[in-house]
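Counting starts at 1 for both ligands and their atoms, following the listed order.
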Amino acid sequence: MSKTNGKDADGPEPGKIRETASQGDAGHRTKGKETEKKAEKKAKRSAKKAAKQEARTRRLDDHPPSSAAWARAADAGMGTAPSLSPHRHPRLARAAPGIVTVEPGTRFALASVDADATGGLDKAEAKAALADERERIKALQEKLYAEHARSLLVVFQAIDTGGKDGTIRSVLEGVNPQGCRVWSFKVPSAEELDQDFLWRYHARAPGRGLIGVFNRSHYEDVLVVRVKGLVPEETWRERYGLINDFERLLTLSGTTILKFFLHISKDEQKERLEARLEDPDKHWKFDPADLTERKSWDAYRTAFDDALSRCSTPYAPWHVVPANRKWARNLMVARTIADTLEAMDPRFPPAREGLAGLKVPD
Ligand code: AMP
Ligand code: MG
């Protein structure tokens with residue numbers, strides 16, 4: 001983005017106008033003075049306009065021209081890329097204890113997080129607390145829906161068997177289905193592949209008043225796509241910045257974004273895959289392709305580490321949830337969603353005027 005350097009886009013610099021005006025004809029003093037006054041007024045107007053323009057530019061400069069800056073900052077481990085100005089900052093809540101939020105602009109590694117962590121909870125307490133969090137979510141969702149002004153997008157990513165389906169089922173139990181949309185993203189269709197990679201996600205972003213849930217998301221396009229080499233490296237590499245831009249667009253349009261990475265260990269995945277094989281009621285969930293994907297565990301880890309580092313921004317940070325223990329995972333996610341909704345502070349719209357004296361006819 002270029003700065004204006006105090007120049008008015010529509011006219012010459014204020015100083016120049018004055019210079020020209022003062023070169024009036026000496027024989028026409030009165031006329032000359034009038035011209036001078038007019039020129040002075042014009043110069044003042046131009047200066048005012050230029051100052052306004054500069055202020056506007058400065059405001060725009062508060063936002064990174066391209067959010068690729070965050071991806072680059074993460075690679076360099078700087079944590080210093082430009083941030084959104086406070087007045088446009090979404091209202092985010094601190095993640096629940098136990099969750100590790102990736103510091104924007106820093107290098108992050110999943111290896112640093114213990115997948116067994118419980119956030120200091122015990123199982124019985126967590127179950128009771130989950131019921132309370134669900135109630136909070138339910139009550140706040142009603143207000144968000146009634147307010148019809150903003151939205152919440154909750155993104156879930158994980159390795160296969162990581163628990164995305166189970167978390168969604170547990171945490172959103174009891175919310176009004178009318179105010180909630182859950183989307184599960186699979187291998188893109190031919191139609192979707194004919195569009196830009198964000199097309200299908202943008203079309204499903206939650207509208208005003210809604211909670212949208214992405215079970216897998218636009219991150220697949222830098223995860224499975226990268227690991228399986230479905231597009232050339234230069235294509236997936238530029239996607240981190242594009243994803244940051246996309247999320248910034250949603251944020252500035254009134255969507256608060258919560259991104260959860262459900263973190264399980266390799267041993268836990270083995271146990272879960274075995275459980276699916278052993279229990280006939282879970283056979284439908286067993287996809288033999290998961291065994292092939294498991295062989296790429298390390299490649300997925302590298303891809304996850306990069307996505308979490310490059311796409312954790314101040315406006316849409318990544319939250320890493322230790323997810324080996326389902327009961328702890330559910331509570332951590334539910335609490336963070338409830339706290340975020342509370343920070344958004346949705347309100348019922350004011351009653352229409354004249355309601356006080358109204359009577360419903362028989
Ligand atoms: P599941 O969520 O287990 O039903 O599986 C969905 C499958 O779709 C997974 O294997 C994902 O890796 C795959 N998938 C989702 N999004 C994409 C994408 N953008 N490109 C390629 N594969 C995808
Ligand atoms: Mg699967």
Side-chain angles (χ1 to χ4, degrees), residues 110 153-172 181-205 212-247 250 259-266 268-308 310-311 318 321 323 326 329 333:
L110 280 170
L153 171 62
V154 187
V155 171
F156 288 102
Q157 284 292 158
I159 195 101
D160 296 316
T161 74
K164 302 182 295 296
D165 296 19
T167 308
I168 294 167
R169 194 171 52 239
S170 162
V171 168
L172 294 174
R181 308 272 187 280
V182 183
W183 298 102
S184 296
F185 293 99
K186 311 284 181 185
V187 176
S189 67
E191 187 194 20
E192 287 166 345
L193 284 172
D194 277 349
Q195 303 288 339
D196 69 84
F197 82 102
L198 289 170
W199 183 74
R200 66 174 183 161
Y201 309 103
H202 202 170
R204 290 165 180 83
V213 178
F214 282 3
N215 181 345
R216 301 188 189 268
S217 67
H218 41 297
Y219 284 94
E220 291 295 330
D221 296 83
V222 289
L223 294 170
V224 64
V225 168
R226 168 178 170 170
V227 171
K228 289 191 174 171
L230 301 180
V231 299
E233 179 170 348
E234 68 208 51
T235 304
W236 59 254
R237 272 204 183 278
E238 66 195 0
R239 287 183 175 172
Y240 299 105
L242 293 169
I243 285 174
N244 289 345
D245 282 339
F246 170 57
E247 293 180 357
L250 295 184
K259 300 185 295 196
F260 293 111
F261 180 81
L262 307 180
H263 175 48
I264 59 164
S265 61
K266 199 171 178 185
E268 180 68 22
Q269 190 193 48
K270 187 164 192 274
E271 275 180 32
R272 291 186 186 185
L273 285 171
E274 283 169 352
R276 286 181 184 183
L277 273 178
E278 279 159 22
D279 181 350
D281 285 350
K282 287 184 177 171
H283 281 175
W284 68 275
K285 278 205 222 174
F286 188 85
D287 181 355
D290 289 350
L291 299 183
T292 323
E293 295 302 296
R294 183 171 160 81
K295 290 188 189 145
S296 304
W297 180 273
D298 290 342
Y300 272 107
R301 266 297 175 93
T302 306
F304 287 136
D305 282 351
D306 275 351
L308 296 170
R310 293 178 178 154
C311 299
W318 265 110
V321 185
K326 295 175 185 172
R329 169 202 78 193
V333 170

(message) Run the side-chain hydrogen bond (donor to acceptor under 3.5 Å, both in side chains) test against S170 and tell me which residues pass, sequence neighbours left out.
(response) R134, N330
(message) I'd like the residue list for ligand 1, meaning every protein residue with a non-hydrogen atom under 4.0 Å from the ligand.
(response) F185, K186, V187, P188, R200, Y201, R216, E220, D221, V224, V225, L230
(message) My understanding is that only residues two or more places apart in sequence, or in another chain, count here; which of them pass side-chain hydrogen bond (donor to acceptor under 3.5 Å, both in side chains) with D165?
(response) N215
(message) List the residues meeting side-chain hydrogen bond (donor to acceptor under 3.5 Å, both in side chains) with D306, not counting sequence neighbours, and say none if there are none.
(response) R107, R226
(request) Before accepting this row, confirm whether a basic side-chain N of the pair D160/R216 lies closer than 4.0 Å to the acidic partner's carboxylate O. (result) yes
(request) Give a yes or no on whether a salt bridge exists between K228 and E293, defined as a side-chain N under 4.0 angstrom from a carboxylate O. (result) yes
(message) Run the side-chain contact (heavy atoms from CB on, under 4.5 Å) test on F197 and V225 for me, step by step, so that the C-alpha distance in whole Å, both residues' side-chain angles and the decisive distance to 0.1 Å come before the verdict.
(response) CA-CA 11 Å; F197 82 102; V225 168; over 6 Å; no
